[in-house]
Amino acid sequence: MKTNRDIKLGVSLYSYQDNYYFHKHDLEGCIAAAAGSGAEGIEVFADSMIAEWPYITDAFVDKWNGLMARYGVEQVCLDHFADRAMWKNKQLSDDQLFERSSMYIKAARKLGCSTVRILHNEHIGTGFSPVRLTDVKEVERLLPLCAELGVMMALECHAPTTIDDSIHEPYLEVAEKLGMPFVGLQADFSSYEYCFSKAGIGMMVRQGATEEILHFVRNSQREAYFNGVPFVYDEIKHLVEKMNPNEVDRKILPRIAKKSPASYETLKKYASKLVYVHGKFFDFDENGQVDNIDYPKVLQALQEGGYKGYISSEFEGNRSMNDIGWVDEIEYVRKHQALMRDCLGYNG
Amino acid sequence: MKTNRDIKLGVSLYSYQDNYYFHKHDLEGCIAAAAGSGAEGIEVFADSMIAEWPYITDAFVDKWNGLMARYGVEQVCLDHFADRAMWKNKQLSDDQLFERSSMYIKAARKLGCSTVRILHNEHIGTGFSPVRLTDVKEVERLLPLCAELGVMMALECHAPTTIDDSIHEPYLEVAEKLGMPFVGLQADFSSYEYCFSKAGIGMMVRQGATEEILHFVRNSQREAYFNGVPFVYDEIKHLVEKMNPNEVDRKILPRIAKKSPASYETLKKYASKLVYVHGKFFDFDENGQVDNIDYPKVLQALQEGGYKGYISSEFEGNRSMNDIGWVDEIEYVRKHQALMRDCLGYNG
Amino acid sequence: MYDNHILTDVGCRNVWENGKKVGYGVNLKINYYRGLPLCCVDEIALEVDGEKVDPADMVVQHRGREYPYLEILKDDFPTDFYWVFGEMLRVVIKKENGIAQGRHQVKLKLATRRSYTPTMSATCEKTLTFA
Amino acid sequence: MYDNHILTDVGCRNVWENGKKVGYGVNLKINYYRGLPLCCVDEIALEVDGEKVDPADMVVQHRGREYPYLEILKDDFPTDFYWVFGEMLRVVIKKENGIAQGRHQVKLKLATRRSYTPTMSATCEKTLTFA
Ligand SMILES: [Mn+2]
Ligand SMILES: [Mn+2]
């Protein structure tokens with residue numbers, strides 16, 4: 001349902017991946033699910049739900065626009081990927097990667113999306129991606145095309161990075177240098193996790209971790225967060241040791257024990273400059289709150305900071321729960337949209 | 001694999017209905033399954049596995065013949081139905097039913113099937129079917145078409161009837177009268193069940209029957225059969241009463257306690273006149289024998305009686321077992337074909 | 001036959017027109033071992049959250065065409081529109097504002113007329129998530 | 001991702017030509033949340049009844065075309081043949097006389113290269129019935 005609010009709510013169809021993978025819902029069904037949740041914007045992964053990708057025929061464009069009209073929603077964002085490791089022993093050259101990135105940007109334009117989530121080189125920090133993703137040099141080459149087509153490149157700042165991490169700055173600088181303001185920051189709520197979600201506990205236990213230890217660490221994280229003090233794993237490490245962690249625990253703990261939310265103050269300060277936001281979530285607690293991200297605080301910061309644009313539901317709990325059965329993504333997103341509307345005062 | 005044996009083995013694709021219904025295998029997959037079991041003949045339900053039914057395009061015919069060539073099998077029989085109760089308050093007239101029956105016969109010819117399993121009015125005796133099926137008068141009208149096209153109408157004699165039941169005779173008489181020998185008897189092994197199959201026990205128990213009673217009755221049936229004496233339910237009725245049968249038992253018992261195999265001598269006597277045979281089965285016992293039909297005896301009677309034609313596997317256990325999970329029809333048919341080859345001495 | 005499977009969660013969702021919900025639909029599979037002409041459907045009865053769906057609100061979508069449910073029950077409805085074995089038949093319930101997104105208890109009774117056996121009725125009850 | 005589902009029993013069967021078995025095939029689903037170009041397949045390794053399938057015997061069937069498996073691993077293989085998300089990729093193992101009809105223990109290792117995460121490998125072992 002279209003509104004003229006400053007902060008609008010969308011859904012990334014990524015949230016419905018199991019429905020699509022297992023053929024419960026096709027692209028139209030996923031759009032219907034998003035519209036039915038009360039969202040007004042659609043983010044689409046062309047690589048997932050446009051079966052003719054990497055081509056987009058006029059017939060598909062017509063169908064797409066028809067779907068937007070039928071479901072009373074608008075296209076918001078298309079996700080770009082940087083598949084540089086295209087072959088076993090050979091990678092795309094910078095020129096080739098530029099060509100592919102252009103393909104995503106043109107596709108976004110064809111589908112009416114004003115934003116492309118660009119997979120920039122510092123998306124998840126440095127040192128994890130096996131290849132150089134879309135770096136500053138590539139973005140600089142893409143800017144004229146984006147300016148011509150009016151497509152904004154959103155730099156998704158995903159945990160472990162944050163929107164104020166200086167590694168994203170060179171991208172903004174190059175846009176300023178060229179006088180082409182077509183690259184901007186995108187927040188992903190993964191940066192605001194104050195503990196790990198219980199969605200993952202089951203899977204970790206099935207992989208051999210000790211349930212009691214996971215709950216103990218998670219509860220310590222929550223206690224610290226709600227007491228307003230930083231969580232320092234080293235302070236509870238001796239207690240964990242007494243619980244006899246096994247090898248799986250020892251492998252998992254350094255990764256999940258790192259959680260601490262980025263600053264809400266900084267988020268508020270940056271809010272008016274953000275070009276897109278991912279409302280990441282994994283699961284809810286008994287009170288209907290997201291169980292590891294403080295949505296009221298995060299949304300308050302965005303609202304008070306004057307964010308204008310879309311926050312799109314990005315449900316990721318499916319991946320940690322679907323190994324033992326069906327995860328009702330549609331229901332998760334529905335609740336998530338209702339929660340966000342609550343936080344933003346849209347229900348009153 | 002094609003042979004020039006007198007008795008050839010086929011598979012009714014009916015056996016693979018769950019594979020088709022749940023989209024594990026399409027028509028080609030079912031034919032591949034039949035060919036892979038070692039069968040050389042295919043019986044097809046146009047109503048089930050020809051998606052364009054009631055039309056058969058030339059393109060389908062070509063595909064069909066191509067499949068027969070690819071899998072080294074031949075088309076044997078197409079199943080006719082007599083959907084006279086076509087509407088809620090109105091039935092097909094005799095003329096209309098004749099038209100529909102003609103449609104099946106022409107379809108059989110198009111697909112190269114020399115036989116149509118005709119759903120004649122006494123298929124499962126009298127008094128059960130809610131409408132008049134294809135009766136003698138209809139068959140008389142169909143005979144000239146069958147003669148012209150060279151298609152044999154097989155009167156499937158299903159339990160509770162038998163091949164020597166006089167209710168089938170008028171059909172043969174009318175063919176003789178017209179001098180058009182295009183209707184003949186088809187045996188279905190349901191007439192040779194000497195007890196009920198254990199395939200059904202689970203489902204009956206899930207419907208509320210008492211497992212101990214079912215096993216007791218079944219064991220009594222088996223004991224009688226292997227001792228060469230007729231099974232008379234009234235002789236064990238007092239014992240069943242002591243087991244406190246509930247209402248479900250009382251409803252089920254009269255139906256399942258009726259089993260007694262038709263005469264092998266009669267089968268032998270009729271064998272050379274039969275035009276088709278359904279190797280019906282539900283389940284195997286621990287020794288790999290069909291658990292309620294004496295295949296060695298039945299096949300011996302057919303062989304000694306000089307049967308020339310196809311025996312097609314007709315697996316029906318799926319229907320009594322698939323309410324609690326996947327029934328591996330392909331494996332059942334594979335074992336069934338091997339058993340029939342054994343009985344007929346084709347493996348030595 | 002196939003009682004547990006006649007009601008599917010595939011494509012279970014609201015139906016929209018011009019940004020508004022105008023109904024909702026479910027996909028059914030047949031309760032028999034073969035396909036049947038649509039006119040052999042004896043009854044499709046739906047109950048949603050304990051409330052009976054008015055048959056007059058139901059339409060049946062089949063191979064790109066749509067028929068009011070009550071139409072397929074009429075005498076002389078064409079005999080060559082087959083509900084194909086294993087394929088889904090879509091039933092849409094016309095309803096202003098559709099159905100609330102989320103889980104609903106749905107009960108289906110499906111009865112079909114067959115050649116040589118009496119009309120067979122299958123029943124299936126499931127919690128379905130409507131998108 | 002989707003480890004339990006990458007190996008399917010759909011269309012699991014022998015492949016025939018002129019009345020003879022010439023191989024057998026299985027259908028795979030992708031181990032990722034999106035489709036990938038075929039050239040991003042890093043490895044498809046099959047083990048049947050404990051025996052490794054020779055990669056040289058494998059062909060990949062995709063949208064009406066067939067490629068030797070080793071071909072898709074080669075540098076400069078086209079980048080626009082997508083293994084569509086949720087769709088099956090058919091792998092046929094060429095083998096005289098195919099595989100014995102019935103149940104076999106099949107193990108699949110599927111590795112795919114992705115944009116920002118290292119090559120991910122999923123493993124799935126199932127008893128499959130080959131028709
Ligand atoms: Mn995100
Ligand atoms: Mn039969």
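Computed over heavy atoms, backbone and side chain alike; hydrogens, waters and symmetry mates excluded.
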Tell me whether the centres of the aromatic rings in Tyr67(D) and Phe77(D) are closer together than 6.0 Å. yes
Near-ring test Tyr295(B)/Phe189(B), centroid separation under 6.0 angstrom: yes
Do you know which of Asn27(D), Thr8(D), Asn18(D) has the most heavy-atom pairs under 4.5 Å to chain B? Asn18(D)
Check Cys30(B) against Leu13(B) and note the closest heavy-atom contact, atom names and distance. O-CD2, 3.8 Å
Could you verify whether a donor N or O on one side chain and an acceptor N or O on the other, from Asp283(B) and Tyr332(B), lie under 3.5 Å apart? yes
Does either side chain, that of Tyr276(B) or that of Glu43(B), offer a donor lying less than 3.5 Å from an acceptor on the other one? yes
Within residues 63-71 of chain B, which positions have a heavy-atom distance to chain D below 4.5 Å? Ala69(B), Arg70(B), Tyr71(B)
Relative to the ring of Phe281(B), is the ring of His336(B) parallel (under 30°), tilted (30 to 60°) or perpendicular (over 60°)? parallel
Strictly below 4.0 Å, N to O, side chains only: are Asp328(B) and Lys335(B) in salt-bridge contact? no
Using a 4.5 angstrom heavy-atom cutoff, name the option from Arg334(B), Lys2(B), Met1(B) with the most pairs to chain D. Arg334(B)
